[in-house]
Each structure stands twice: as structure tokens, then as C-alpha cells.
Amino acid sequence: MPRATSDAKLLIQSLGKAYAATPTNLKIIDLYVVFAVATALIQVAYMGLVGSFPFNSFLSGVLSCIGTAVLAVCLRIQVNKDNKEFKDLPPERAFADFVLCNLVLHLVIMNFLG
């Protein structure tokens with residue numbers, strides 16, 4: 001059992017060191033993704049405690065958070081300099097795609113609300 005604990009500590013330390021070398025713009029996107037997922041989890045917990053009377057509103061809120069998180073992960077993949085697949089894509093274009101897709105996502109969600 002002590003071997004597993006030391007392996008876990010070593011893994012966490014190596015992940016911390018590797019993440020420290022991550023550029024600031026990617027860390028900001030990661031924080032945004034964590035915030036969106038946490039907001040979705042809070043909405044699910046609230047629905048579990050209080051109820052889901054306007055179910056369309058609950059679905060719209062959760063799908064908005066999850067959809068935004070997915071789009072932010074796509075933005076992170078495109079902006080990452082280590083990713084060779086999108087090396088010719090300028091970061092401004094990736095951000096414009098992110099904004100446009102978010103606009104379409106939220107228009108669909110507003111339509112779903114009724």
C-alpha cells in the first residue's frame with residue numbers, strides 16, 4: 001500500500017511540474033472549462049434538491065454549460081502551440097470560431113427555452 005501512495009504522490013508532482021510550464025492563455029481556458037463544468041454540476045445538484053419543474057430551463061442551463069465547455073476545449077486544442085495539426089491556424093481565427101459557435105449554441109438554447 002505505501003508503494004501506491006508514493007506512486008500517486010510522484011504522479012501528482014510530475015503533473016504539477018508539467019502544468020507549470022503550460023502557457024498562461026491555456027491556463028485561462030482551463031479555468032474557464034472548470035468553471036463551466038462546475039456550474040453544470042451545481043445546476044444538477046440544485047435540480048436534485050429542489051426539483052426540475054421547468055425541465056426545459058434545467059436542460060437549457062446544463063446543455064449551455066457543457067456545450068460551452070466543449071467549445072472551450074476545442075479552442076484550447078486549436079490555440080496550443082505544441083499541437084502540430086493546427087499550426088497554420090492563427091489564434092485570432094480560432095477565437096473567432098469559438099465566439100461564432102458559442103453564438104449559435106446560445107441561439108439554439110434560447111429557442112429551446114421557449
Side-chain angles (χ1 to χ4, degrees):
M1 194 63 149
R3 172 102 170 114
T5 306
S6 66
D7 286 345
K9 286 181 183 178
L10 198 63
L11 177 67
I12 290 172
Q13 288 174 352
S14 65
L15 285 175
K17 287 178 185 175
Y19 194 70
T22 304
T24 306
N25 61 346
L26 296 181
K27 287 181 182 178
I28 292 171
I29 294 172
D30 291 341
L31 188 63
Y32 181 71
V33 170
V34 168
F35 173 74
V37 171
T39 304
L41 291 175
I42 289 170
Q43 288 178 7
V44 169
Y46 180 82
M47 186 218 51
L49 291 173
V50 177
S52 64
F53 165 59
F55 194 66
N56 283 358
S57 298
F58 163 71
L59 279 181
S60 295
V62 171
L63 292 178
S64 171
C65 292
I66 299 301
T68 301
V70 168
L71 291 175
V73 168
C74 292
L75 174 67
R76 187 188 194 286
I77 290 170
Q78 291 177 358
V79 172
N80 191 357
K81 297 287 185 206
D82 295 335
N83 192 351
K84 303 297 184 216
E85 190 172 336
F86 295 103
K87 65 180 178 182
D88 296 333
L89 184 72
E92 294 83 11
R93 165 76 192 273
F95 186 71
D97 290 346
F98 171 73
V99 170
L100 181 67
C101 290
N102 256 313
L103 195 72
V104 170
L105 171 72
H106 286 91
L107 284 174
V108 169
I109 287 174
M110 291 299 260
N111 186 29
F112 184 69
L113 272 174

Examine [X] and [Y] and state if one hydrophobic cluster contains both, with Ile, Leu, Val, Met, Phe, Trp and Tyr joined whenever side-chain heavy atoms are less than 4.5 Å apart.
| X | Y | result |
| --- | --- | --- |
| Ile66 | Leu59 | yes |
| Leu89 | Ile77 | yes |
| Val73 | Phe86 | yes |
| Phe95 | Tyr32 | yes |
| Met47 | Phe112 | yes |

Once you round to the nearest 0.5 Å, how far does [atom1] of [X] lie from [atom2] of [Y]?
| X | Y | atom1 | atom2 | answer |
| --- | --- | --- | --- | --- |
| Thr22 | Asn80 | OG1 | CG | 8.0 Å |
| Gln78 | Ile29 | CD | CD1 | 10.0 Å |
| Leu10 | Leu15 | CG | CG | 10.0 Å |
| Asn102 | Leu75 | CG | CG | 9.5 Å |
| Leu71 | Leu100 | CG | CG | 10.0 Å |

Legend entry - side-chain contact (heavy atoms from CB on, under 4.5 Å) against Pro54, all qualifying residues, sequence neighbours excluded: Ser57
Closest contact, heavy atoms only, [X] versus [Y]:
| X | Y | value |
| --- | --- | --- |
| Ser64 | Leu105 | O-CD2, 4.1 Å |
| Val33 | Ala69 | CG2-O, 4.0 Å |
| Val62 | Ala40 | CG2-O, 4.3 Å |
| Thr68 | Phe98 | O-CE1, 4.3 Å |

Legend entry - Student check: side-chain heavy atoms of Lys9 and Ile12 closer than 4.5 Å: no
Inset, instruction - Could you check if a side-chain atom of Ser60 sits within less than 4.5 angstrom of a side-chain atom of Gln43, using non-hydrogen atoms only? - result: no
Inset, instruction - For Phe55, enumerate each residue passing the ring-ring contact (aromatic ring centres under 6.0 Å, His included) test, keeping only those at least two apart in sequence or located in another chain. - result: Phe58
Legend entry - Residue Tyr46 excluded, over 12 heavy atoms near OH under 6.0 Å: no
Inset, instruction - Using the salt bridge (Lys or Arg N to Asp or Glu O under 4.0 Å) rule, collect all pairs that involve residues 25-50, keeping only residues at least two apart or in two chains. - result: Asp30-Arg76
Legend entry - Asn111 vs Leu107, side chain to side chain contact (heavy atoms under 4.5 Å, CB included): CA-CA, chis, key distance, verdict: CA-CA 6 Å; Asn111 186 29; Leu107 284 174; over 6 Å; no
